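Here's the structure, in structure tokens; my notes come after.
Because the structure is predicted, anything quoted here is derived from the model rather than measured. The figures that follow rest on heavy atoms only: side chains count, while hydrogens, waters and symmetry mates do not. If you read the sequence from its start, that first residue is 1, and numbering goes on from there.
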Amino acid sequence: MRHIHSLPYGHEEVFAGEAGQHVPYHRMYGKQYCVPSLTLYTPQEMKELQHAAAQVDGIYSKVMRFIQQYMPDSFLEQQLGIHPGLIATARMETVTGGITRQDWIIGEAGFKCIENNTDTPTGIPEAAVLERIMVGMAERNDFRAPSADMDACIRECFRGWLESYAEQGLRGPVTFTSFGEHVEDRTNTEYLMRRCQEAGYEVRYAPLEELEIVPGEALYHDGHEIQLLYRLYPLEYLVDDRDETTGVDIGAALLGLVQDGRLGLMNPVQHVLMQSKGFMAAIWSLYERNEQTPEYCGFRLFTDEELESISRYLLPTYFEAGPFELESTPYVEKSYWGREGRGTLLLGEGTESNPAGAGQDEDEEIAAYYNNQPKIYQQLVPMEQASIVTEDGEYSGYLLTGVFVIGGRFAGVLPRIGEKVTGDMAYYCAAAVNERIG
């Protein structure tokens, strides 16, 4: 059972002031999202997470490059589920590193990374600001905020991106975009925008719905040409976007600008390769065939240290369920582009279930979107239990530890406590390292 430290304050006492200004969505879907408590980690656990996250990030980047350079388009389309309209730009090799969030289970199986959000991760203000405020409110000199360096990591990440794009001739203000009316997305986007500004760059915010594109020419907002764009909008949505009024294929036109070198995206399009959950099965397939890669490309893909990290920190993941069914091993079925627990099923525990709470009130069209996607199959490992006090009483759930890796560096922690499949109804319970335990 994970140790939780409850602050001696109610919800409004914690979140009505500065904290609520930074995270105005501390209540979501008509209920409490942030709780006035801290998830406690030992110094040893945090040290292991930092090492493990860096190892996994390096493996992801290495496999991404291998796929870009050696695997045919048919592999990207069939095994990774990449839309044909994304393949050309996904093959463009831009600077590695970016704003990503790995999801970890810490439990009886050790430290296991169960997926990696490499395209549009959120939860950034919670870790970067809210955690510091709440650790301070605990008034304990033995508590430390593990995400204290997150702002510096964000600034350095934007410097890396923008220096690389400048070498390609892409300059000018950096435009940040998300759906303007979506409070969580806009708050996350504007938080990143301010860090980019602190790094010394001119910035602008443009609601996604106000962007205008002239195919083959440029992307515009309010008459200003955009050469550099941070977008909190998934690429798997973008590629199919079409303007119903003009008939313009917006996604295709925007990706065309990227391919022509007229627009630099952040995160770059190559991140869609790693966002596909098929990528996890690709890593495991390459891991199991590491001794065969010299026949294909002339070298062993993974070093002995990387093989050890894959075995230790990743889970057996396949494109079919057979390996688990043969051994009667519990496993998880995941849709390639599932989000917030949607399209995820736990199998082999006695009954088929999706206990995330995600999608219970959604219409059939949304449910079908996730359920009808291709699937990967991943070994199921037990999650650690945690009990927190909420406005509705005590809640016993399961801890999922998000770990931000930004610009290739460990940056912060996002603990959420929810059901066995972590959905969008999970609670955020800020991280703290207890220097006295361990």
Side-chain angles (χ1 to χ4, degrees), residues 18-19 21-26 57 94-102 116-133 145 147-166 170-211 219 221 226-235 237-238 263-272 274-275 339 402-414 428:
E18 179 190 2
Q21 293 173 11
H22 287 289
V23 183
Y25 48 90
H26 53 86
D57 184 73
T94 56
V95 62
T96 57
I99 298 172
T100 68
R101 192 193 73 234
Q102 304 166 1
N116 195 0
N117 306 281
T118 63
D119 188 31
T120 56
T122 55
I124 293 167
E126 291 96 304
V129 184
L130 198 51
E131 173 189 286
R132 171 181 53 79
I133 293 171
S147 310
D149 294 331
M150 194 159 168
D151 284 356
C153 291
I154 295 170
R155 289 191 290 267
E156 192 59 32
C157 181
F158 276 108
R159 289 191 186 102
W161 273 334
L162 296 173
E163 287 171 6
S164 176
Y165 280 133
L170 296 173
R171 296 182 175 83
V174 185
T175 299
F176 288 72
T177 191
S178 66
F179 276 118
E181 298 302 316
H182 193 285
V183 175
E184 182 185 4
D185 284 4
R186 180 159 183 162
T187 301
N188 274 262
T189 302
E190 291 184 333
Y191 189 87
L192 292 172
M193 181 178 72
R194 288 190 290 272
R195 305 294 79 76
C196 183
Q197 187 177 39
E198 290 170 358
Y201 298 95
E202 184 181 352
V203 298
R204 293 179 178 144
Y205 178 81
L208 192 67
E209 53 271 29
E210 294 181 10
L211 296 178
L219 181 69
H221 177 250
I226 297 170
Q227 293 189 1
L228 299 163
L229 182 72
Y230 173 85
R231 42 92 209 162
L232 190 58
Y233 185 62
L235 288 169
Y237 298 169
L238 173 68
L263 179 67
L265 289 186
M266 295 161 277
N267 282 319
V269 178
Q270 65 185 9
H271 276 233
V272 76
M274 300 183 288
Q275 179 70 28
R339 291 175 181 269
V403 178
F404 287 100
V405 180
I406 298 177
R409 295 168 52 194
F410 170 88
V413 183
L414 186 84
Y428 169 69

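By the 4.0 Å N-to-carboxylate-O rule, Arg155 lies too far from Asp149 to be salt-bridged with it.
The minimum heavy-atom distance between His22 and Thr187, with the atom names listed, is O-CG2, 3.3 Å. Pairing each heavy atom of Ser147 with each of Gly412, the nearest pair is OG-CA, 3.2 Å. Smallest separation of non-hydrogen atoms from Glu131 and Ala148: OE2-N, 4.3 Å. When all heavy atoms of Asn116 and Gln275 are compared, the closest pair comes out as O-OE1, 4.1 Å. Closest of all the heavy-atom pairs between Cys157 and Ile406 is CB-CG2, 3.7 Å. Heavy-atom minimum distance, Arg231 versus Asn267: NH2-O, 2.9 Å.
The CG atom of Leu170 sits 12.5 Å away from atom CD1 of Ile226, with the distance rounded to the nearest 0.5 Å. We find the SG-CZ distance between Cys153 and Arg195 to be 13.0 Å, quoted to the nearest 0.5 Å. Here the NE2-CG distance, from His271 to Asp119, works out to 8.5 Å after rounding to the nearest 0.5 Å. Distance check, rounded to the nearest 0.5 Å: CD of Glu198 to CD1 of Ile154 gives 9.0 Å. Rounding to the nearest 0.5 Å places CG of Leu414 at 5.5 Å from CZ of Arg101. The CG atom of Leu263 sits 9.5 Å away from the OG1 atom of Thr175 when rounded to the nearest 0.5 Å.
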Worksheet item: Between Leu211 and Leu219, is a side chain to side chain contact (heavy atoms under 4.5 Å, CB included) present by the stated rule, with each step listed?
Response: CA-CA 7 Å; Leu211 296 178; Leu219 181 69; 4.2 Å; yes

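Partner Leu232 forms a side-chain contact (heavy atoms from CB on, under 4.5 Å) with one of Ile99, Thr177, Thr189 and no other, that one being Thr189. Test Phe176, Tyr191, Tyr205 against Tyr230 for ring-ring contact (aromatic ring centres under 6.0 Å, His included) and you get one pass: Phe176.
At a threshold of 4.5 Å between non-hydrogen side-chain atoms, the residues Asn188 and Asp185 do not count as touching. Here the side chains of Leu208 and His182 are not in contact, with every heavy-atom distance at 4.5 Å or above. Between Glu126 and Tyr25 the shortest side-chain heavy-atom distance falls below 4.5 Å.
Within 6.0 Å of the CD atom in Glu181, the count of heavy atoms belonging to other residues, nucleotides or ligands does not exceed 12.
Looking at residues two or more places apart in sequence or on another chain, you find a side-chain hydrogen bond (donor to acceptor under 3.5 Å, both in side chains) between Glu190 and Arg186.
Taking the six-membered ring for Trp and the full ring otherwise, Tyr165 and Tyr201 have centroids separated by 6.0 Å or more.
A donor-acceptor pair is defined here as one N or O able to donate and one able to accept, closer than 3.5 Å; such a pair exists between the side chain of Thr100 and the backbone of Val405. Although no hydrogens or angles enter the test, the distance criterion places a donor-acceptor pair under 3.5 Å between the side chain of Gln227 and the main chain of Arg171.
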